Colleague: 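Handing you this structure, nothing more for now.
Bear in mind that the values here come from a model prediction, so they are computed numbers and not experimental data. Atoms considered below: every heavy atom in the structure, side chains included; atoms not considered: hydrogens, waters and symmetry mates.
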Amino acid sequence: MNVLLVDDELIELEQLEFMIQPLFPLWKFFKATDASKAKTICNDIKINLAFLDINLPGKSGLELGEQIKKMNSGIDIIIVTAYQEFQFAKQSIRLGVIDYLTKPIIQNELEDVLKKYKTNNMPKYTKTIQDVLTIIHERYDEKLNLNTLAAEVFMNPAYLSRRFHEEVNKPLFEYLIQFRIKMAKKLLVENTNWSISIIADKVGFNSQHYFSTTFRKVEGISPKDYRERKR
């Protein structure tokens, strides 16, 4: 499932991805801060679902929605905006959007909007793998590894590793690291007074050096530079 997030505020894009990703860990997210970049993404990749902010530089989110609908009639569109005027709602309905969310987005309202995807499009994980994913999402700050996770679900580590890779299509350790880095990105932006060492500890890394090395490997930039870039 390819998901496009469009908002002129980078922090809003990060926050929306942060809210959705734990619910749908296999979705791929593509982000744009203006209509031009969003259209380029839609030209290159078949997007299944788009979250569009109305207030964008250049074309509005509604105008963008009309254009990407012409490019891909099967795309689902959700309008996300701080505006609550009825006129925008009417335009959204005419555009054929599947829903309309107002900022600040409330988690349970977002989950209600996405229920259809959880029912129809989510992979049907076995209970064991779903339990492992829940542990990772809720306790990523703990010293988790294959052995501790296997013990939690009463399964042989080698067997769990193989089952996880088969169902999630990604090695367990790689998934855990990527989720921790995702959470670290959020903490780096939201807690600018926290040191890199504190961030590393908060997301379950044993040392600042290991965290920084891993962060650079995944993101192509150091945690410090990432924080500066997002300011």
Side-chain angles (χ1 to χ4, degrees), residues 1-123 168-170 178-179 181-182 185-186 189 218-221 226 229-230:
M1 183 86 159
N2 294 325
V3 181
L4 174 65
L5 310 178
V6 187
D7 197 297
D8 60 340
E9 294 289 339
L10 286 174
I11 189 66
E12 295 286 350
L13 292 175
E14 297 285 351
Q15 181 66 19
L16 186 54
E17 181 182 4
F18 168 74
M19 295 173 74
I20 299 172
Q21 199 274 339
L23 302 172
F24 301 91
L26 296 187
W27 282 9
K28 293 182 179 179
F29 295 92
F30 302 86
K31 299 188 280 289
T33 54
D34 57 51
S36 176
K37 184 175 180 182
K39 286 180 64 180
T40 298
I41 292 172
C42 291
N43 270 325
D44 296 338
I45 299 162
K46 184 176 180 181
I47 297 296
N48 308 106
L49 173 64
F51 288 78
L52 309 180
D53 184 34
I54 286 181
N55 188 25
L56 296 172
K59 292 183 176 65
S60 73
L62 293 171
E63 292 174 305
L64 172 62
E66 291 179 4
Q67 292 179 346
I68 63 177
K69 268 283 190 182
K70 291 177 182 177
M71 298 165 62
N72 174 13
S73 61
I75 191 172
D76 287 343
I77 295 175
I78 297 174
I79 293 295
V80 182
T81 180
Y83 300 107
Q84 301 188 41
E85 297 180 17
F86 182 60
Q87 182 61 31
F88 289 122
K90 287 200 301 182
Q91 287 178 263
S92 299
I93 292 170
R94 285 200 299 270
L95 179 59
V97 305
I98 66 167
D99 224 310
Y100 182 97
L101 292 170
T102 55
K103 299 178 182 178
I105 297 173
I106 307 301
Q107 183 73 35
N108 61 358
E109 293 178 358
L110 177 64
E111 291 179 14
D112 284 343
V113 168
L114 296 178
K115 273 182 182 177
K116 60 175 285 189
Y117 300 102
K118 204 169 187 70
T119 300
N120 298 330
N121 296 316
M122 277 294 288
V168 182
N169 200 31
K170 183 177 293 187
Q178 289 181 351
F179 189 79
I181 294 299
K182 185 181 292 291
K185 288 163 63 179
K186 180 176 183 291
V189 173
V218 173
E219 296 294 324
I221 189 173
Y226 177 86
R229 183 176 292 181
K230 294 297 181 180

Colleague: Give me the atom names and distance for the closest heavy-atom approach of I41 to A32.
Modeller: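 Nearest pair, atom of I41 first, then A32: CD1-CB, 4.1 Å.
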
Colleague: Going by heavy atoms in the side chains, are V189 and L10 under 4.5 Å from each other?
Modeller: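 No, every pair of side-chain atoms sits at 4.5 Å or beyond.
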
Colleague: Assess the residue pair E111 and Q107 against the criterion (side chain to side chain donor-acceptor pair (under 3.5 Å)); give the C-alpha distance rounded to whole Å, side-chain angles, the decisive distance to 0.1 Å, and a yes or no.
Modeller: CA-CA 6 Å; E111 291 179 14; Q107 183 73 35; 3.1 Å; yes

Colleague: Roughly how far apart are I47 CD1 and I77 CD1, rounded to 0.5 Å?
Modeller: 11.5 Å

Colleague: Once you round to the nearest 0.5 Å, how far does CG of D7 lie from CD1 of I54?
Modeller: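 Rounded to the nearest 0.5 Å, the CG-CD1 separation comes out at 11.0 Å.
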
Colleague: For residues 41-57, which residue pairs pass the salt bridge (charged side-chain N to carboxylate O under 4.0 Å, His left out) check, not counting sequence neighbours?
Modeller: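 Listed by first then second residue: D53-K103.
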
Colleague: Any non-hydrogen side-chain atom of Q178 less than 4.5 Å from a side-chain atom of I181?
Modeller: no

Colleague: Let me confirm one number: the CG-SG distance from L64 to C42, rounded to the nearest 0.5 Å.
Modeller: 7.0 Å

Colleague: When rounded to the nearest 0.5 angstrom, what distance separates CE in M71 from CD1 in I68?
Modeller: 7.5 Å

Colleague: Residues in salt bridge (charged side-chain N to carboxylate O under 4.0 Å, His left out) with D8, at least two apart?
Modeller: none

Colleague: Does V3 reach the side chain of L5, with side-chain heavy atoms less than 4.5 Å apart?
Modeller: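 Sidechains of L5 and V3: in contact.
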
Colleague: Distance from N48 atom CG to I75 atom CD1, nearest 0.5 Å?
Modeller: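 Taking CG in N48 and CD1 in I75, the distance rounds to 8.0 Å.
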
Colleague: Using 0.5 Å steps for rounding, measure from the CG atom of L4 to the CZ atom of F29.
Modeller: 11.0 Å

Colleague: Below 4.5 Å, heavy atoms only, C-beta onward: do D76 and Y117 meet side chain to side chain?
Modeller: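 SC-SC contact between D76 and Y117 confirmed.
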
Colleague: Run the salt bridge (charged side-chain N to carboxylate O under 4.0 Å, His left out) test against K37 and tell me which residues pass, sequence neighbours left out.
Modeller: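 Result, salt bridge (charged side-chain N to carboxylate O under 4.0 Å, His left out) vs K37: none returned.
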
Colleague: Could you pull out all residues at least two apart from E9 that satisfy salt bridge (charged side-chain N to carboxylate O under 4.0 Å, His left out)?
Modeller: none

Colleague: Identify each donor-acceptor pair in which a side-chain atom of residues 11-24 lies under 3.5 Å from a protein atom, sequence neighbours left out, and give them as a table.
Modeller:
unit_1 : atom_1 : unit_2 : atom_2 : d
E14    : OE2    : Y226   : OH     : 3.3
E14    : OE2    : K230   : NZ     : 3.3
E17    : OE1    : K31    : NZ     : 2.7
E17    : OE2    : K182   : NZ     : 2.7

Colleague: Quick one: side chain to side chain donor-acceptor pair (under 3.5 Å) partners of K28, sequence neighbours excluded?
Modeller: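 Per chain and number, K28 pairs via side chain to side chain donor-acceptor pair (under 3.5 Å) with no residue.
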
